[in-house]
Amino acid sequence: LSLVSDLNRIGLSIPEVGWSKPAASRGTLRAEVSLGPVPRVDRLELQAAGLEAKGSVTMRAAGGLDLARFERVTLDGWLDGAVEIKGRGAGKDVALAVTGGSVDMRRMPDASARKSSGRGGVPISLRLDRLRVTDSISFDGFAGEFSQSGGLHGDFTASLNGQAPLRGTVVPSPQGSAVRLSANDAGATLAAAGVFSSARGGALELQLTPRDANGTYDGIAKLTNIRVKNASVLAELLNAVSVVGLLEQLNGAGIVFNQAEAEFLLTPAAVQVQRGSAIGASLGVSMAGVYQSGSGALAMQGVVSPIYLL
């Protein structure tokens, strides 16, 4: 059986991703169906309202969906990947899996346009080659398991810009999904993000809570036992106050900060540090200012306190 339709007078929607096709618009649906005791769709193609999908569908012998496999699905420039929809038996929600490809969060619909369809029990498995967050931040090798019950939540692992491994947790928030990140090598993570290349080791805990605007987050970062080595900006500060011993530490094994914290606003173009501090046995630093992600320009002001514990 061959089926072709222009989808006129047929309304379609996937509210979870903010996609819909009005009934008055047209599209294209093509299907090649093999009939029999267990029917199957050998070829299924859909093009409508910015969504394109190509794949096939198999059914269970006892009835119901077995697997809908789409080797490529593209949606409005933000999704390009392979998608599987798996049946889980009578009375159960299907399972959704993205098994490869990329997602660009900069181009996703706003959180207000993405609504639940009421099927909160759908499990979601993501295996992405790349998840683009901002112009300068991406998660490569992204792998996570999520649920929409009570709002999107779940855990994942990834590599920041393909350089620093990290793990994260997604939790619901009023403006979308908030993210908590942790890394066992804070120095490598800061370098991979293009923020600071002179840190070594340490642990990082980072929380990002979305604002209304796409790609804009309120952030809180906490670092412990991080070592700073060969930092030109810090060296100039120490040279200005003639702290020779600390300069030697900076150019040798490095200066250790037992604790560092920052509150900031992350936008697609910049990081605005509202309050930052770093405390060690020999030095204390506090600062605020702006880091331009694209140009690498840094404009900060603050206070340096040598021999902090004294």
Side-chain angles (χ1 to χ4, degrees), residues 133-134 136-137 139 158 160-161 163-171 173-175 177-211 215-238 241 243 246 249-250 253-293 296-310:
V133 181
T134 69
S136 60
I137 298 294
F139 294 150
L160 179 60
N161 288 342
Q163 301 175 46
L166 50 77
R167 57 192 179 277
T169 298
V170 176
V171 296
S173 76
Q175 303 302 331
S177 297
V179 180
R180 300 170 184 162
L181 301 174
S182 58
N184 293 329
D185 190 336
T189 304
L190 293 175
V195 175
F196 189 55
S197 62
S198 299
R200 302 290 185 272
L204 169 68
E205 297 288 337
L206 176 66
Q207 179 174 319
L208 297 173
T209 304
R211 289 192 171 192
T216 303
Y217 299 84
D218 289 312
I220 299 175
K222 296 182 179 180
L223 303 93
T224 55
N225 300 322
I226 194 167
R227 188 181 299 272
V228 177
K229 184 177 179 181
N230 299 327
S232 58
V233 174
L234 190 53
E236 290 177 10
L237 291 172
L238 295 176
V241 293
V243 186
L246 288 180
Q249 290 183 43
L250 183 65
I255 296 176
V256 175
F257 291 98
N258 305 105
Q259 186 177 21
E261 297 183 0
E263 295 178 3
F264 59 92
L265 174 65
L266 173 66
T267 71
V271 179
Q272 179 181 338
V273 179
Q274 297 152 338
R275 183 187 65 83
S277 64
I279 299 170
S282 56
L283 187 68
V285 178
S286 62
M287 65 178 62
V290 177
Y291 169 76
Q292 299 290 341
S293 305
L298 185 69
M300 294 283 179
Q301 62 180 3
V303 177
V304 177
S305 304
I307 317 178
Y308 181 78
L309 290 182
L310 297 180

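Residues take their numbers from the sequence shown, with the count starting at 1.
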Legend entry - Derivation and outcome, side-chain contact (heavy atoms from CB on, under 4.5 Å), residues Val171 and Arg180: CA-CA 8 Å; Val171 296; Arg180 300 170 184 162; 4.2 Å; yes
Acceptor/donor pairs from residues 267-275 side chains to any protein atom, 3.5 angstrom cut, sequence neighbours excluded:
from	atom 1	to	atom 2	distance (Å)
Thr267	OG1	Ala269	N	3.3
Thr267	OG1	Ala270	N	3.0
Thr267	OG1	Ala270	O	3.1
Arg275	NH2	Glu263	OE2	3.3

So how far is it from [X] [atom1] to [Y] [atom2], rounded to the nearest 0.5 Å?
X: Ser182; Y: Arg167; atom1: OG; atom2: CZ; value: 3.5 Å
X: Gln292; Y: Leu298; atom1: CD; atom2: CG; value: 9.5 Å
X: Ser136; Y: Tyr291; atom1: OG; atom2: OH; value: 7.0 Å
X: Gln175; Y: Thr216; atom1: CD; atom2: OG1; value: 11.5 Å
X: Leu204; Y: Leu223; atom1: CG; atom2: CG; value: 5.0 Å

Legend entry - From CA spacing to verdict: side-chain contact (heavy atoms from CB on, under 4.5 Å), Leu166, Phe139: CA-CA 9 Å; Leu166 50 77; Phe139 294 150; 4.2 Å; yes
Inset, instruction - Kindly determine whether Phe257 and Val228 satisfy side-chain contact (heavy atoms from CB on, under 4.5 Å), including the steps that lead there. - result: CA-CA 8 Å; Phe257 291 98; Val228 177; 3.6 Å; yes
Inset, instruction - Can you see which heavy atom on Ile226 is nearest to which on Ala199, and at what distance? - result: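 Between these two residues, the closest heavy atoms are CD1-CB, 3.5 Å.
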Legend entry - Which atom of Ser197 lies closest to which atom of Ala191, heavy atoms considered: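 Closest pair (atom of Ser197, atom of Ala191, distance): CA-CB, 4.1 Å.
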Inset, instruction - Would you indicate whether the side-chain heavy atoms of Pro210 and Ser173 approach each other to under 4.5 Å? - result: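 SC-SC contact between Ser173 and Pro210 confirmed.
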Inset, instruction - Flag the pair Phe264 / Leu208 as yes when at least one side-chain heavy-atom distance between them is below 4.5 Å, and no otherwise. - result: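 Yes, their side chains come closer than 4.5 Å.
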Inset, instruction - For Asn161 and Ala192, indicate whether the former's side chain and the latter's backbone hold a donor-acceptor pair under 3.5 Å. - result: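 Such a contact is found between Asn161 side chain and Ala192 backbone.
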Inset, instruction - Scan for salt bridge (charged side-chain N to carboxylate O under 4.0 Å, His left out) pairs involving residues 183-208, sequence neighbours excluded, and state none if there are none. - result: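 Listed by first then second residue: nothing to list.
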Inset, instruction - Please step through side-chain contact (heavy atoms from CB on, under 4.5 Å) for the pair Val303 and Val285, ending with a clear verdict. - result: CA-CA 6 Å; Val303 177; Val285 178; over 6 Å; no
Legend entry - Arg211: salt bridge (charged side-chain N to carboxylate O under 4.0 Å, His left out) partners, not counting sequence neighbours: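 Scan of Arg211 (salt bridge (charged side-chain N to carboxylate O under 4.0 Å, His left out), adjacent residues dropped) gives Asp218.
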